[in-house]
Amino acid sequence: MLNLERVYKMRDGLSADLIARVLGGAPKYTLAELEEKYPARDLPDGAFVTRFAPSPTGYMHIGGLYQALVDCKLAQQSGGVFMLRIEDTDTKREVADAVKIIEDSMHRFGLKYNNDEKYGPYYQSKRKDIYHSVAADLLARGLAYPCFLTAEDMEKIRENQKAAGFATGIYGEFARDRDISEEEIIRRLDAGQVPSIRLYSTGNPQQRIFCKDAVRGSIGFPENNEDIVLIKSNDGLPTYHFAHLCDDHFMRTTHVVRGEEWLPSFPLHIQLFRMMGWTPPMYIHTSTIDKIDSETGKQRKLSKRHDPEANVAYFLRDGWPTGAVLEYLGNIAASGYEEAKNKGQVKSIWEYPLRPKKIPISGALFDMKKLEWWAREFIATMPVDELVRHVREWANEYDLQWAARIGENPEYLKNILSIERDNPKRIRKDFITWHQTLDEVAYFWDDLFVQNTEYAFNTDLLRAFLETFDICDDKDSWWNKIVAIASGAGVKNGDVAMNLRVAVTGRTNTPDLYSIMQVMGADMVKSRIGDILK
RNA sequence: GGUCCCAUCGUCUAGCGGUCAGGACAUCGGAUUCUCAUUCCGGUAACACGGGUUCGAUUCCCGUUGGGACUGCCA
């Protein structure tokens, strides 16, 4: 009983009038009204309600995409709901078009969300009424208070704390306005000061609080005693912590998937839910996606400043198949997928169940080579029409020269990309990205063709080939002619073929030579060989 | 400094007290092939360290070391 007293009543609550003044207006809702407005969702047992909640910084991080995929899959496979919530509470960091970039990325990667209006709005900046109503409740119960500390005040406090070797932050004796009287509040308000609303923390760091993570199990922390900001003074918007509390409660989120950088504030969030008497959601703290820093040689999180591949836009620009990126990411979250797919048990990541408990918790290095492998496999198993469509769409958006070139003769590109695609089990895996696909077949255009100057051609063989070459030959006759040339010259069949291959394409490695010549046409074949003979 | 998280081949991982420690990518070798591709075979390669608990530890506990995150009126 004593303990409860300590936890729930440490200062008097503010009067309704004062709460309205402090908040800049009377709260629109009571807690009961909010509960009614956002009722429990009508979903089957075991359905997950998840959300991807990025802040609009004008940039979609690969780690964010990973989390969004996990969220989306969890909801999809359980018959639940996946939401996209924009965390735009930091007015200072707002970037134009940022939301468009996020929505566009979600769309391109096929991450479908369902923002049911009933539980909206989905922009935090439009949910002020909700936050203020909850804050009013806390204020009335003496579990929050208006704080008039300025940025300079706090900076000074922090410096002193550092100098004295104390933990930094606004807590206990450092929380100057923690027990501020109503009279003092009114005086400051009259003087035109605008307060932030701080939590009146009743946590005791000597005690431990245990927080449950779906993957990591129960994690113990010292209780939080910081009077963290709930509502910011400059714009009246909530901090992440308070928004998370209100939004995930009233949106009826069942599972919060977020990065492990949130682990340190986990006890705070549980404290908040307990103060409200609400059941917290289940948490899944994912690991970061890292790389080895080329300068320091140390592992670190993929950063948007140093690593282009941290940005989802990078993969779009280079024309990576979004499905392959998703498979790569999905296989990190559900490592059994790879094997199941190779065994033919499932066809895509969407068919493979993601077990929350199996989501890895140690940081994974981003493996470009493995992504490449996924991409090769992905493109190789794609019908040629789809491949052509993807390549054209990419060119239309990112490479107008290619787009124009393809536009002149779309059939030509299709014929090129159709080479060696008839046998599904033996399709070459030359293609990785849409961009690279085009570069790979550039030699099919005279103005892009680059003659191989390194290769030591045997002009006799080339001349012999030209003499008997007939584009109308079927593959057997064509090959028989090559065999004849080889035996006549006393060289291996492969030598003749290689001379032709390099002469016609400029490369030592290409798909089936006969098919290439058929697609190129007699004139191109003859002129390229002729150029060498000159 | 404090708090918390993490630790199996080079990489991503399987493993939940007894396994020849399995798979995939990468790598190396071989076979097929018009090809430095594909396909098919095969190889090298890992339980960070030290203590416990146990008949028996990769697996459980503690410590060490190493890596990471957080420590804002940013999320």
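Each chain gets a letter, A, B and so on, in the order its sequence line appears, and its residues count up from 1. What you see is a predicted model; the values in this text were computed from it and never measured.
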Watson-Crick or G-U wobble partner for [N], using a 3.5 Å limit on both distances?
N	answer
B/A21	none
B/G42	B/C28
B/G1	B/U71
B/A57	none
B/C16	none
B/C49	B/G63

Distance-only donor-acceptor test (3.5 Å): side chain A/K301, base B/A69 = no
ask   = Does a distance-only test, which skips hydrogens and angles, find a donor-acceptor pair under 3.5 Å between the side chain of A/S335 and the base of B/C12?
value = no
inquiry  = Would you say A/R507 places a side-chain N or O within less than 4.0 Å of OP1 or OP2 belonging to B/U35?
reply    = no
task = Respond yes when some side-chain nitrogen or oxygen of A/K343 is under 4.0 Å from OP1 or OP2 of B/A24, and no when none is.
result = no
Between [options], which one does the side chain of [X] approach most closely?
X	options	result
A/K370	B/A24, B/A75, B/U11	B/A24
A/R428	B/A37, B/C70, B/U71	B/A37
A/K232	B/C12, B/C74, B/U38	B/C74
A/M498	B/A75, B/G23, B/U35	B/U35
A/E261	B/C4, B/A75, B/G68	B/A75
A/K358	B/A75, B/A14, B/U35	B/A14
A/E420	B/U35, B/C4, B/C73	B/U35
A/A364	B/U11, B/U39, B/U13	B/U13
A/N509	B/C4, B/C36, B/C12	B/C36

[X] [atom1] - [N] [atom2] separation (whole Å):
X	N	atom1	atom2	value
A/Y352	B/A24	OH	P	15 Å
A/E377	B/U39	CD	C1'	12 Å
A/H61	B/A69	NE2	C1'	14 Å
A/K369	B/G10	NZ	P	18 Å
A/E226	B/C70	CD	P	15 Å
A/E260	B/U71	CD	P	14 Å
A/Q124	B/C74	CD	P	13 Å
A/I361	B/A7	CD1	P	5 Å

Taking the six-membered ring for Trp, are the ring centroids of [X] and [Y] within less than 6.0 Å of each other?
X	Y	value
A/Y328	A/F366	yes
A/Y113	A/F52	no
A/Y337	A/W374	yes

Take atom [atom1] in [N] and the same atom in [M], then report the distance between them in whole Å.
N	M	atom1	result
B/C47	B/G66	C1'	16 Å
B/A14	B/G72	P	35 Å
B/C49	B/A37	P	38 Å
B/G10	B/C6	P	23 Å
B/G50	B/U58	P	11 Å
B/C12	B/G68	P	14 Å
B/G18	B/G67	P	32 Å
B/A46	B/C9	C1'	4 Å

query = Between A/R93 and A/D90, does at least one N-O distance fall below 4.0 Å, as a salt bridge requires?
reply = yes
message = Within the 3.5 Å criterion, strictly below it, is a donor on A/R501 or A/N452 matched to an acceptor on the partner's side chain?
response = no
query = Will you find, in the side chains of A/S477 and A/N480, an N or O donor that is under 3.5 Å from an N or O acceptor?
reply = no
Check every strand shown and say whether [X] touches a base, only sugar-phosphate, or nothing at a heavy-atom separation below 4.0 Å.
X	value
A/A167	nothing
A/Y240	base
A/G336	nothing
A/D90	sugar-phosphate

request  = Might you confirm whether atom CZ of A/F166 has over 12 heavy atoms from other residues, nucleotides or ligands at distances under 6.0 Å?
outcome  = no
inquiry  = If you assign A/T239 and A/D430 each to the RNA chain B nucleotide with the nearest heavy atom, which residue ends up on the more 5' nucleotide?
reply    = A/D430
request  = Could you say whether A/F166 or A/N331 is positioned toward the 5' end of RNA chain B, judged by the nucleotide with the nearest heavy atom to each?
outcome  = A/F166
query = Would you call the rings of A/H269 and A/H241 parallel, tilted or perpendicular, where under 30° means parallel and over 60° means perpendicular?
reply = tilted
query = How does each nucleotide of nucleotides 57-62 of chain B score, in 5' to 3' order, for protein heavy atoms under 4.0 Å: base (B), sugar-phosphate only (S), or none (-)?
reply = ------
request  = Would you sort out whether A/E327 and A/K341 count as a side-chain contact (heavy atoms from CB on, under 4.5 Å), showing the intermediate values?
outcome  = CA-CA 10 Å; A/E327 301 227 291; A/K341 188 180 178 183; 2.8 Å; yes
task = Please confirm whether A/R528 makes a cation-pi placement over A/F449, using NZ or CZ under 6.0 Å from the six-membered ring centre and within 45° of the ring normal.
result = yes
task = List the steps, then state whether salt bridge (Lys or Arg N to Asp or Glu O under 4.0 Å) holds for A/E155 with A/R158.
result = CA-CA 5 Å; A/E155 186 50 39; A/R158 193 179 354 262; 3.6 Å; yes
